[in-house]
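One structure is given below, encoded as structure tokens.
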Amino acid sequence: MMEKPGFAARKIAADLLGNVVHKHRALDAELDLASGHSGFRALPHQDRALVRAIVGACLRRRGEIAEILNRLLDRDIPEKTGRVQDILHVAIAQMIYLDVPDRAAVSLAVDHASIDRRAKPYKGLVNGVLRRLGREKDAITNDLDADRLNTPNWLFENWTAAYGEETARRISAAHRNAAPLDLTVKQDPDGWAERLDGLALSGPTVRLRDRATVTALEGYEEGAWWVQDLAASLPARLLGDVAGLRIADLCAAPGGKTAQLANAGAHVTAVDISAGRLKRLRENMTRLGFSVETVAADLRDYEPEAPFDAILLDAPCSATGTIRRHPDVAYIKRPRDIEKLAEIQAELLGRVANWVRPGGQLVYCTCSLEPAEGEEQVSAFLNRNPGFELQPVLPGELNGLDNSITEQGFLRTLPCHAGPDEGTWEGMDGFFAARLRRL
Ligand SMILES: C[S@@+](CC[C@H](N)C(=O)[O-])C[C@H]1O[C@@H](n2cnc3c(N)ncnc32)[C@H](O)[C@@H]1O
């Protein structure tokens with residue numbers, strides 16, 4: 001059988017979807033052009049963009065697609081049918097959420113089922129189900145509760161318990177769209193907003209509507225800015241005026257927060273366990289013209305020579321605050337990952353806290369929406385360590401982002417929080433940060 005144009009892209013999309021949702025592999029790693037999925041790497045540029053769009057829609061709309069399939073089938077597709085379910089999801093994503101003609105999506109799905117040994121007996125079902133969807137699209141997709149369906153139950157329950165159901169729904173809704181591109185500029189946010197046709201948000205953040213090729217944008221070569229979500233820029237800002245201070249940026253790579261601290265005039269020691277990620281940090285600092293000390297070490301072994309004036313600990317976490325950028329996170333993480341990560345965070349926080357001098361500040365942060373990795377982590381630390389106090393984040397400290405400050409004085413941003421003004425192409429990553437002081 002001759003392969004139809006676009007067949008390879010659909011086949012690889014189904015493969016990648018399967019690797020994420022069944023094998024819990026990170027999508028970024030699969031899409032890496034140096035080390036990712038070999039079939040994906042071999043595709044022409046345009047087909048790679050199509051694969052990204054299909055897999056993105058499959059993940060962002062996974063709950064809706066599953067419900068559509070449910071409405072189309074009389075009974076569940078048996079397990080051990082090979083790729084049937086992934087093939088159907090890929091086709092439905094194209095028919096309902098992407099601008100692909102139904103006929104193309106259906107015939108490529110049937111072709112795919114025909115060449116898969118275990119899916120082959122179901123090619124008639126694939127054909128029938130998808131054709132019916134084409135005919136009865138409106139009726140079948142009517143009244144889908146997208147906000148509830150597209151978030152896995154355990155995450156939705158976590159967020160409902162933490163923020164209430166209405167907010168959990170708004171978080172889920174924010175995940176339907178890809179995030180805009182935020183830059184942190186060294187100086188002159190208004191000028192850069194004008195030059196890049198963006199919007200100056202809170203502080204040094206400039207937001208661009210399109211995710212253009214970053215390296216082709218004005219100011220990249222000269223190191224005028226770096227890519228950093230608005231929310232990710234907030235924890236370092238909590239340290240206030242850091243000019244001349246010795247600061248340890250712990251878990252630093254690839255260096256977004258290191259760059260902020262260096263730009264503000266601090267003497268930064270950037271520590272990270274990953275030599276590869278630290279190499280990227282050094283490349284970033286070279287482009288930006290910052291000089292910082294870098295240390296490749298596990299924080300569980302590292303011993304600083306002298307106490308620091310301040311510490312920023314951006315602990316490893318589940319990254320559920322970044323689902324707008326990484327929709328696979330909702331499917332590759334599981335509840336036990338949160339438990340394991342919370343244990344590591346507690347260990348790291350307990351260990352590094354003693355590296356700050358008395359009177360010095362320690363900011364702990366994670367890009368997670370789970371209280372176990374944020375509020376609960378810090379409250380437990382303070383209970384165990386009477387030698388530290390919380391220094392609440394105060395209204396007015398964060399240029400118009402007061403709705404991201406909790407009653408206790410923690411920073412808690414959510415993907416459904418708008419920027420400082422309405423109409424700022426909505427949203428930011430979910431972040432938690434707490435500012436502590438050693439007594
Ligand atoms: C959230 S990322 C850091 C992002 C970074 N702070 C930034 O703003 O660009 C977490 C980092 O923690 C590092 N890490 C994880 N476990 C570590 C450990 N035990 N010791 C040191 N670094 C660790 C990872 O290599 C990863 O680079």
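Each ligand, and each atom within it, is numbered from 1 in the order the structure gives. This is a predicted model, so every value here is computed, not measured.
Side-chain contact check for E373 and Q345: at least one donor-acceptor pair (N or O, by modelled atom type) lies under 3.5 Å. Under 3.5 Å, the side chains of T413 and S404 contain no donor-acceptor pair of N or O atoms. Under 3.5 Å, the side chains of R438 and N385 contain no donor-acceptor pair of N or O atoms. Between the side chains of N19 and H37, no donor N or O sits under 3.5 Å from an acceptor N or O. At a cut-off of 3.5 Å, with distance as the only test, no side-chain donor of D182 or Q228 sits close to an acceptor on the other residue.
Ligand 1 has no nitrogen or oxygen under 3.5 angstrom from a nitrogen or oxygen of V271. Residue L299 has at least one nitrogen or oxygen atom sitting less than 3.5 Å from a nitrogen or oxygen atom of ligand 1, judged on distance alone. Taking distance alone, with nitrogen or oxygen atoms compared against 3.5 Å, K257 approaches ligand 1 more closely than that limit. Polar contact with ligand 1: absent for A315 (N/O pair, distance under 3.5 Å). Note: an N/O pair closer than 3.5 Å links G255 and ligand 1 by distance alone.
Heavy atoms from other residues, nucleotides or ligands lying under 6.0 Å from CD of E389 number more than 12. Sparse packing is recorded around CD of E166, with 12 or fewer heavy atoms of other residues, nucleotides or ligands lying under 6.0 Å away. By the neighbour-count criterion of 12 heavy atoms within 6.0 Å, atom CZ of R71 is densely surrounded, having more than that number from other residues, nucleotides or ligands.
Between A253, P316, C365, P254, it is A253 that holds the heavy atom closest to atom 3 (C) of ligand 1. Counting heavy atoms only, A252 comes closest to atom 5 (C) of ligand 1 of the residues A236, G256, A252. Of the candidates D272, L250, L281, D272 brings a heavy atom nearest to atom 25 (O) of ligand 1.
The single protein non-hydrogen atom nearest to atom 6 (N) of ligand 1 is D314 OD2, 2.7 Å, given as residue, atom name and distance. Given atom 14 (N) of ligand 1, the protein heavy atom at minimum distance is I273 CG2, 3.6 Å. Nearest protein heavy-atom neighbour of atom 12 (O) of ligand 1: C251 CB, 3.2 Å.
Heavy-atom minimum distance, C58 versus I65: CA-CD1, 4.0 Å. A pairwise comparison of heavy atoms in L261 and A236 identifies CD2-CB, 4.3 Å as the closest pair.
Atom numbering of ligand 1 starts at 1 in the shown order; those under 4.0 Å from a heavy atom of A297 are 20 (N), 21 (C). Those atoms of ligand 1 that come under 4.0 Å of a heavy atom in D298, given as number and element, are 18 (C), 19 (N), 20 (N). Within the listing of ligand 1, atoms 25 (O) sit less than 4.0 angstrom from a heavy atom of S274.
With a heavy-atom cut-off of 4.0 Å, R277 touches ligand 1 through its side chain alone. With a heavy-atom cut-off of 4.0 Å, A232 does not touch ligand 1 at all.
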